[in-house]
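Below, read A as the first sequence line, B as the second, and so on, with proteins coming before strands; counting in each chain starts at 1. Fair warning: this is a prediction, and the values are worked out from it, not measured in the lab.
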2 protein chains.
Amino acid sequence: MDQVTIFSEYVRRKGLKNTSQRMTILEAFLGSKSHFSTEDLYFELRKDHPKIGYATVHRTLKLFAECGIASELDFGDGQTRFEPLDVNQHHDHLVCTHCGLIVEFTEPQIEKLQEQVAAQHNFKIERHRHELYGLCSNCAKQS
Amino acid sequence: MDQVTIFSEYVRRKGLKNTSQRMTILEAFLGSKSHFSTEDLYFELRKDHPKIGYATVHRTLKLFAECGIASELDFGDGQTRFEPLDVNQHHDHLVCTHCGLIVEFTEPQIEKLQEQVAAQHNFKIERHRHELYGLCSNCAKQS
DNA sequence: AGCTTTCTGAATGTCATTTTCAATTTCTAG
DNA sequence: CTAGAAATTGAAAATGACATTCAGAAAGCT
């Protein structure tokens, strides 16, 4: 089931409405580079759709997160970022504190160890956040 | 070297001043339960020291983080939390999304795998964030 | 003790996010 | 097809955590 379908069904199930703005934002969202902020997407959209308001972009991104096709990221810089979420493929992030570069990584062994930790504490994990902050190879060279 | 000494030396080295407010806040900080917000500590302090202002608590906690005796935590609820930091002993967190319980954990194998991931991407890690969100054993029972 | 520098605390500013509200659009039911 | 209830939109204003300003107070060097 693709992301458009997931969203459409979510909208129907919740008694919400299918508007042209939402569809426009969904397209832009799916076509966008990952790790963008609401503001990023808003300005991207303004090029072709200058009438769509910031609040609508914001509310729609929240909807995407609610229905599971987007993931909200917080790298501690005061801006929430979003990325399209593929249910089957989880990943975490390396964040360069100098140039802002974001690299994704997956490490199944870490995921497994996490589950063990949770089990030891009788926790039922819903989600996790794992981010490594530092200098990317480029920035490490320069300094 | 204990935390009071670390802070005092930091203050001296930077040409800052040793004020009674800072000492009061440091005491409260060291005696406090962990994972508190600026607001938490501010209200705690007001009981015995009603004249200390919010801004002073805020600035002083930032100072603690700067000199390495405090760590800033962000569990994504819009509030920065602090905890006294023991340099030798790093830990990560389990956070109950239902009751807010925070449990600390350490897992050296995860730390090691992290370093491998960073090395693969030529990243030089400065710090990381690893949090597991879910239901604690109590809350899992109830629901 | 004098004097320069830093600090304090109340108030105000900042900034991302969220909410409000009147006008508009969607879509269900007749 | 159409009326009307309900949701949506977008501009503007509100919110809330954090950060800064500034005049008076305190620290601590000489």
Side-chain angles (χ1 to χ4, degrees), chain A residues 7-29 35-67 70-82 100, chain B residues 7-29 35-67 70-82 100:
Chain A
F7 180 65
S8 301
E9 294 206 351
Y10 182 78
V11 162
R12 183 147 34 81
R13 184 153 35 83
K14 283 267 190 173
L16 306 179
K17 293 180 177 171
N18 235 314
T19 66
S20 65
Q21 289 93 332
R22 282 178 179 166
M23 284 303 129
T24 302
I25 294 167
L26 180 52
E27 272 175 45
F29 166 70
H35 316 124
F36 57 85
S37 66
T38 304
E39 206 184 349
D40 291 339
L41 192 64
Y42 171 62
F43 281 115
E44 185 63 30
L45 277 162
R46 275 187 65 160
K47 293 177 191 164
D48 293 331
H49 305 276
K51 299 231 287 295
I52 293 183
Y54 184 94
T56 302
V57 176
H58 172 261
R59 284 180 290 220
T60 306
L61 285 172
K62 285 289 199 187
L63 264 187
F64 293 168
E66 264 176 57
C67 75
S71 166
E72 296 188 53
L73 309 172
D74 172 8
F75 297 143
D77 63 347
Q79 283 214 297
T80 300
R81 289 159 198 284
F82 293 84
Chain B
F7 180 66
S8 300
E9 294 207 349
Y10 182 79
V11 162
R12 183 147 36 81
R13 184 155 35 83
K14 284 265 190 174
L16 307 177
K17 293 182 175 169
N18 236 314
T19 65
S20 65
Q21 287 93 333
R22 284 178 179 167
M23 284 304 130
T24 301
I25 295 168
L26 179 52
E27 270 174 47
F29 165 70
H35 316 122
F36 57 85
S37 66
T38 305
E39 206 185 347
D40 290 339
L41 192 62
Y42 170 63
F43 281 113
E44 185 63 30
L45 277 160
R46 277 187 65 162
K47 293 178 192 164
D48 292 332
H49 305 276
K51 297 233 286 295
I52 294 184
Y54 185 94
T56 301
V57 177
H58 173 260
R59 284 179 291 221
T60 305
L61 285 171
K62 285 289 199 189
L63 262 188
F64 292 168
E66 264 175 57
C67 76
S71 166
E72 296 187 52
L73 310 172
D74 171 7
F75 296 143
D77 64 347
Q79 283 215 295
T80 300
R81 289 159 200 284
F82 293 85

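- Taking the side chain as every heavy atom from C-beta outward, A:T80 and A:D74 never approach each other to under 4.5 Å.
- With rounding to whole Å, A:Q79 atom CD is found 12 Å from C:dC15 atom P.
- Between B:R81 and B:D77, the closest side-chain pair of non-hydrogen atoms falls below 4.5 Å.
- The end-to-end axis angle of the helix from C:dA1-D:dT30 to C:dG30-D:dC1, rounded to 10 degrees and based on five pairs per end, is 30°.
- Between B:R22 and C:dT8, a side-chain N or O to OP1/OP2 separation shorter than 4.0 Å is present.
- For A:D77 and C:dT17, the CG to C1' distance is 14 Å, given to the nearest whole Å.
- For B:S20 and B:R59, each mapped to the nucleotide of DNA chain D holding its nearest heavy atom, the one lying further toward the 5' end belongs to B:R59.
- For B:F82 and B:F64, the ring centers are positioned 6.0 Å apart or more.
- Checking the phosphate oxygens (OP1, OP2) of C:dT17, a side-chain nitrogen or oxygen of A:T80 falls inside 4.0 Å.
- Distances shown here put a side-chain N or O of A:K62 below 4.0 Å from the OP1 or OP2 atom of C:dT18.
- Spacing between atom CE of A:M23 and atom P of D:dT8 amounts to 12 Å, rounded to whole angstrom units.
- With rounding to whole Å, B:K14 atom NZ is found 18 Å from D:dG28 atom P.
- Following rounding to the nearest Å, A:L26 (CG) and D:dT8 (P) show an atom-to-atom distance of 15 Å.
- Phosphate contact (OP1/OP2 of C:dG9, side-chain N/O of B:Q21, threshold under 4.0 Å): present.
- For C:dT17, the OP1/OP2 oxygens have a side-chain nitrogen or oxygen of A:Y54 closer than 4.0 Å.
- Between the C1' atom of D:dA17 and the CZ atom of B:R81 lies a distance of 13 Å, rounded to the nearest Å.
- Atom CD1 in B:I52 sits about 15 Å away from atom P in C:dC7, given to the nearest Å.
- Put simply, the side chain of A:R22 never gets that close to the backbone of A:F7: no donor and acceptor are under 3.5 Å apart.
- Exactly one residue among B:L63, B:T56, B:V57 makes a side chain to side chain contact (heavy atoms under 4.5 Å, CB included) with B:R59. That residue is B:T56.
- Ring geometry for A:F75 against A:H35 counts as tilted: the plane angle lies between 30° and 60°, on a 0 to 90° scale.
- A close approach under 4.0 Å does not occur between any side-chain nitrogen or oxygen of A:H58 and OP1 or OP2 of C:dA16.
- The side chain of B:L16 has C:dT6 as its nearest neighbour among D:dG28, D:dG10, C:dT6.
- In this structure, B:T19 does not reach the C:dT6 phosphate: none of its side-chain N or O atoms is under 4.0 Å from OP1 or OP2.
- The number of heavy-atom neighbours closer than 6.0 Å to CD of B:E27, taken from other residues, nucleotides and ligands shown, is 12 or below.
- In this structure, B:K17 places its NZ atom 12 Å from P of C:dT4, rounding to the nearest Å.
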